[in-house]
S.K.: 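Take this structure first; my questions come after.
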Amino acid sequence: MKRVYIIFILLLLFSSCKKEAADSIEEVAKIPDVIEFGYNLNHYDYQRDTINKGDTFGSVMAAQGIADSLMYKAIQVAGDSIDLKKLKIGNPYLLLRTKDATKKLKTFIYQPDKYSYYVVDFSDSVNVFKKSYPITIKRRVIVSSIHSSLSETLKKEGVDYSLAHELSQIYAWTVDFFKVQKGDSFGVIINEKYINDSIYAGIDNLEGTFFNYKGKMIYAFPFVQDSTQMKVEYFDDNAKALKSMFLKAPLKFSRISSKFTPKRFHPVQKIWKAHKGTDYAAPHGTDIMTTATGVVERTGYTAGNGNFVKVKHNGTYATQYLHMSKILVKRGQHVSQGQVIGKVGSTGLATGPHLCYRFWKNGVQIDALSQKIQDAEPLRSKYKDRFFALTKPLKQELDSLAKIKLKI
């Protein structure tokens, strides 16, 4: 009986050990696959790295023991469409090597940008190809009050910073961004790009937007009138063009430090005198834009104005830009609305970097902020039906969300 009992115990121990071994094998088998760039990384000895200063495709390959002949062949196979000779510092790459003691390089994968990657495969013959990540477009509607500034509000919404720039361009003729106040609001319908359905890759396009500025709802919808030209223009909900002859300001995202006034105490001369311009405080080197299309009438330097540019727009209007650190245009040069013509500085009579913007009408300096310039021509009649069919549901969507979120 005792012998039978011992045999029974041994059988139990054996089956237990066998089960543990089986469980152990099963656990190994359950190691999840790590798939990247179409490769299972579990099958390789892999190394991640980034391109450092002085690195080239040749030096990276040489460090992995790749013969010069194979490296040159890879460059030839790549051709003009895949430039292996220019690897950008900071860009990531992945090395896939054999798991044996030789650690022989099988594949080199380099990411030139966030949308694509190059594969150099040495497995059989040398093979080089480029692949792009799958891009998913996701639609998003944002309606929000301005907290501190437009850019800061969009940043809190997790939106690509380029949207603030795009909105400032769209509304450059209708919204003075130097006067945007807390409580003003906006809404946008955008389509955003995602790599592999998860990695945010910026804005693909904008479908429509509104800006509630000083209690007035200003809509903007992109529209292509002539499909042969594919020129995108922006119109409001009444098919009126948002563009006008003059931009609201010659700088982006700054502040007005002094307005046009018949009497102001000059900070340098220490006397009371007229200030026939609008001062915009901005960092040294900030881009200065001409507010309307025209011809450069004068450039130069005076003790009071510093470096300046004067632009004649037509027989009625002219503008002047003072205290520049650098002039980027020449006399007689044609300039387009929004073109950078100089950089902010503090030349002449100035206590700090700023732009003094002067505005002439019929040869007389007037207050630029008080002018109401005629808007551009509205949308052509033959395109209106198509425009309203496209924009009506977008406006309704923006309005309904604005009523819910902003309670207007």
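Predicted model, so just to flag it, every value in this text is computed and none were measured.
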S.K.: Report yes or no: does Asp236 contribute a side-chain atom to a donor-acceptor pair with the main-chain N or O of Ala239 at less than 3.5 Å?
M.R.: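 Flag set: sc Asp236 to bb Ala239 pair under 3.5 Å.
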S.K.: Is the backbone of Leu96 close enough, under 3.5 Å, to the side chain of Tyr39 for a donor and an acceptor to pair up by distance?
M.R.: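 No, Tyr39 side chain to Leu96 backbone: no donor-acceptor pair under 3.5 Å.
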S.K.: Given 3.5 Å as the limit, does a donor-acceptor pair link the side chain of Asn91 with the main chain of Gln111, or not?
M.R.: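 It does hold such a pair.
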S.K.: Is the distance between the ring centroids of Phe57 and Phe108 under 6.0 Å?
M.R.: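 Yes, close enough.
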S.K.: Between Asn42 (side chain only) and Pro32 (backbone N and O only), is there a donor and an acceptor less than 3.5 Å apart?
M.R.: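 Side chain of Asn42 to backbone of Pro32: a pair is present.
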S.K.: Could you go through the ring pair (Phe, Tyr, Trp, His ring centres under 6.0 Å) check for Tyr234 and Phe223 one step at a time?
M.R.: CA-CA 6 Å; Tyr234 284 87; Phe223 188 71; over 10 Å; no
S.K.: Can you find a side-chain donor-acceptor pair between Tyr357 and Thr291 that sits under 3.5 Å?
M.R.: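 Side chains of Tyr357 and Thr291: pair found under 3.5 Å.
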S.K.: Do Thr319 and Tyr321 have side-chain N/O donor and acceptor atoms under 3.5 Å apart?
M.R.: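 Indeed, the side chains of Thr319 and Tyr321 share at least one donor-acceptor pair under 3.5 Å.
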S.K.: Does Gly345 offer a backbone N or O that forms a donor-acceptor pair with the side chain of His323 under 3.5 Å?
M.R.: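 Not confirmed, His323 side chain does not pair with Gly345 backbone.
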S.K.: Using only heavy-atom distances, determine whether the side chains of Ser198 and Asn196 contain a donor-acceptor pair under 3.5 Å.
M.R.: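 Short answer, no.
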S.K.: Looking at every non-hydrogen atom in both residues, tell me the closest pair between Gly315 and Asn362 and how far apart they are.
M.R.: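 For Gly315 versus Asn362, the nearest heavy atoms are O-OD1, 4.3 Å.
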S.K.: Would you say His334's side chain and Gly332's backbone share a donor-acceptor pair under 3.5 angstrom?
M.R.: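 No, His334 side chain to Gly332 backbone: no donor-acceptor pair under 3.5 Å.
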S.K.: Please check: side-chain N/O of Asp160 versus main-chain N/O of Ser162, any donor-acceptor pairing under 3.5 Å?
M.R.: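 Yes.
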S.K.: Ring of Trp360, cation from Lys310 - is the NZ or CZ under 6.0 Å from the centre and inside 45° of the axis?
M.R.: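 Yes, Lys310 sits over the ring of Trp360.
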S.K.: Which heavy-atom pair separates Gln225 from Phe235 by the least distance, and what is that distance?
M.R.: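 Nearest pair, atom of Gln225 first, then Phe235: NE2-CZ, 3.4 Å.
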S.K.: Between Ser336 and Gln339 (side chain of the first, backbone of the second, donor and acceptor by atom type, cut-off under 3.5 Å), is there such a pair?
M.R.: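 No.
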S.K.: For residues Asn191 and Asn205, is any side-chain donor paired with an opposing acceptor at under 3.5 Å?
M.R.: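 Yes - a donor-acceptor pair under 3.5 Å links their side chains.
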S.K.: Within the side chain of Thr286, is there an N or O that forms a donor-acceptor pair under 3.5 Å with the backbone of Ala282?
M.R.: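 Not a single qualifying donor-acceptor pair exists.
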S.K.: Is a side-chain donor or acceptor of Tyr133 paired with a backbone partner of Tyr194 at a separation under 3.5 angstrom?
M.R.: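 Absent.
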